Enquirer: 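This is the structure, below, for whatever I ask next.
These figures come from a predicted structure and were not determined experimentally. By convention here, the first residue in the shown sequence is residue 1.
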Amino acid sequence: MESKHAPRQVVILAYEGMNLLDLSGPLQVLATTNRLQGREVYRLHVASAQGGAIVTSAGLPVMTQSLAALDGLLDGQALHTLISPGGSLGEPFSLDLALVAWIRRMAPLAQRVCSVCTGAFHLAEAGVLDGLRVTTHWDSAEQLQRRYPALEVDGDPIYIRQGRIWTSAGVTAGIDLALALVEQDLGHACAIATARQLVVFVKRPGGQSQFSAPLASQATGAGRFAELHAWIAAHLEADLRVENLARQANMSPRTFARLYVAETGRTPARTVELMRLEAARRALEETRLPLKRIASQAGYGEEQNLRRVFLRQLGVSPGQYRERFATVAHLGAKGAGASARSRSRDISPARESSHHDSAGPAGWSGL
């Protein structure tokens with residue numbers, strides 16, 4: 001039986017072309033926790049299929065143990081935590097089949113199985129994630145869902161826990177995940193201490209949506225509706241219900257709604273919501289306009305509607321978003337100081353929740 005203070009055996013997998021930070025982020029969190037606790041809480045192993053040096057996408061080699069050597073080291077010792085980092089040099093995501101086979105064999109024996117970023121693809125291929133709600137990098141969420149339809153992929157949360165299975169968002173979210181693991185093992189105070197040493201949030205506010213690419217980038221080459229999108233962008237303050245958009249597109253409402261979804265993969269209402277949100281985001285990032293003016297120009301009418309949409313879609317208020325993403329020049333001295341203070345505060349962990357789409361706020365002239 002494992003003694004009370006026996007090191008927890010942690011394996012972080014590695015492969016050619018992986019993201020360096022997907023590996024080094026969780027590794028540093030756990031190593032820092034060891035140092036702060038004055039003992040080996042976590043015995044850390046970095047392993048690849050063949051062992052030796054693997055070259056990350058950043059070009060930096062990382063020395064690893066082979067899976068065969070690792071099996072010998074773990075002989076008779078329980079595998080506590082298995083972490084599958086992400087990153088790929090090619091598209092679609094390129095799997096290391098040797099790692100997949102090892103995960104399929106070892107995951108049932110591990111107390112915890114985790115993925116960082118697109119490391120979820122390896123877990124999914126091994127069948128570990130079937131039937132679970134999971135997350136990954138926002139830019140790979142749709143690909144993960146298409147490739148593994150048995151999963152329920154949510155591209156917004158920073159991390160999701162489903163029993164002993166944990167999945168996290170992209171790259172730096174591996175640090176958030178590792179801090180949550182430390183909190184589960186050693187308590188909130190220990191997680192706070194590690195976060196302070198690393199100068200990071202224990203649990204950052206909001207989800208991945210606040211970092212995702214704007215709709216303009218996602219909708220490149222929108223076919224027959226490109227002119228309509230340009231018209232919408234120029235008339236965000238207008239009444240943009242389906243009937244009015246259909247009239248602008250010279251179609252009946254029913255035909256327009258059907259063809260629009262077939263062409264773009266989203267409803268007209270969703271496009272208007274995203275374009276209004278993008279306009280508000282850009283105004284917060286690039287101007288010093290008051291929130292009331294931004295709400296009006298983006299089509300939300302009232303400032304409170306703007307706030308509701310930001311909290312629902314991004315998990316942060318408009319003011320918080322401006323503090324994080326506006327340039328110092330646009331924030332001004334007062335705003336820049338507030339931004340620095342907000343980054344320096346310790347934010348306690350909260351329950352993970354995702355930010356789902358819902359109807360527009362009351363009083364908003366939407367769809």
Side-chain angles (χ1 to χ4, degrees), residues 91 138-143 146 155-156 207-303 305-314 316 318 321-322 324-327 329-330 355-367:
E91 289 292 340
W138 62 264
D139 198 32
S140 298
E142 289 186 8
Q143 182 188 155
R146 287 195 307 269
D156 189 43
Q208 290 194 84
S209 298
Q210 60 187 304
F211 304 103
S212 61
L215 178 65
S217 299
Q218 300 172 19
T220 301
R224 73 173 81 186
F225 295 112
E227 291 186 9
L228 177 64
H229 291 158
W231 183 85
I232 292 172
H235 297 83
L236 292 176
E237 297 175 73
D239 182 350
L240 298 178
R241 286 177 290 189
V242 169
E243 294 81 2
N244 295 331
L245 296 179
R247 189 179 302 114
Q248 186 67 27
N250 296 314
M251 298 180 188
S252 70
R254 179 173 296 182
T255 299
F256 167 71
R258 176 174 54 81
L259 292 179
Y260 190 88
V261 171
E263 177 82 14
T264 68
R266 65 171 70 90
T267 65
R270 180 60 175 154
T271 291
V272 170
E273 185 175 26
L274 289 171
M275 291 184 75
R276 281 176 164 153
L277 181 61
E278 178 185 340
R281 287 169 62 167
R282 292 188 65 179
L284 290 168
E285 293 169 9
E286 300 172 5
T287 77
R288 298 179 65 182
L289 290 173
L291 296 183
K292 184 176 181 179
R293 178 82 175 275
I294 292 174
S296 176
Q297 290 183 348
Y300 293 113
E302 302 293 332
E303 182 180 333
N305 295 336
L306 175 68
R307 178 178 175 81
R308 288 171 185 160
V309 170
F310 264 69
L311 289 173
R312 187 181 75 245
Q313 296 286 353
L314 306 182
V316 293
Y321 185 88
R322 173 171 265 169
R324 290 191 190 112
F325 295 106
T327 63
H330 290 132
H355 310 286
H356 296 291
D357 302 331
S358 58
W364 168 36
S365 179
L367 290 152

Enquirer: Is any side-chain heavy atom of Thr271 less than 4.5 Å from a side-chain heavy atom of Leu245?
Expert: no
Enquirer: Report the distance from atom CG of Asn305 to atom OG of Ser296, rounding to the nearest 0.5 Å.
Expert: 11.0 Å
Enquirer: Can you check whether Arg276 reaches Leu240 side chain to side chain, under 4.5 Å on heavy atoms?
Expert: yes
Enquirer: Report yes if some heavy atom in the side chain of Arg293 is under 4.5 Å from a heavy atom in the side chain of Thr287; otherwise report no.
Expert: no
Enquirer: Considering only heavy atoms from C-beta outward, does the side chain of Tyr300 approach that of Leu236 to under 4.5 Å?
Expert: no
Enquirer: Under the side-chain contact (heavy atoms from CB on, under 4.5 Å) rule, collect the residues that match up with Glu142, sequence neighbours excluded.
Expert: Arg146
Enquirer: Calculate, to the nearest 0.5 Å, the distance between atoms NE2 and CG belonging to His235 and Leu228 respectively.
Expert: 11.0 Å
Enquirer: Whether Arg270 and Glu273 form a salt bridge (side-chain N of Lys/Arg under 4.0 Å from carboxylate O of Asp/Glu) is what I want to check.
Expert: yes
Enquirer: Sequence neighbours left out, cut at 3.5 Å: what donor-acceptor pairs do the side chains of residues 249-256 make with other protein atoms?
Expert:
residue	atom	partner	partner atom	Å
Ser252	OG	Thr255	N	3.2
Ser252	OG	Thr255	OG1	2.9

Enquirer: What closest approach, in Å, do Gln313 and Asp156 show between heavy atoms, and which atom pair accounts for it?
Expert: O-OD2, 4.3 Å
Enquirer: Which class fits the ring pair Tyr260 and His229: parallel under 30°, tilted 30 to 60°, perpendicular over 60°?
Expert: perpendicular
Enquirer: Measuring from atom CZ of Arg282 to atom CD1 of Ile294, what distance do you get when rounded to the nearest 0.5 angstrom?
Expert: 13.0 Å
Enquirer: To the nearest 0.5 Å, what is the distance between CZ (Arg281) and CG (Leu314)?
Expert: 5.5 Å
Enquirer: Working note: Arg247 + Asn244, criterion side-chain hydrogen bond (donor to acceptor under 3.5 Å, both in side chains); need CA distance, chi angles, decisive distance, verdict.
Expert: CA-CA 5 Å; Arg247 189 179 302 114; Asn244 295 331; 2.7 Å; yes
Enquirer: For a quick test of reading the model, state the closest non-hydrogen atom pair linking Thr267 to Val261 and the distance between them.
Expert: CA-CG2, 3.9 Å
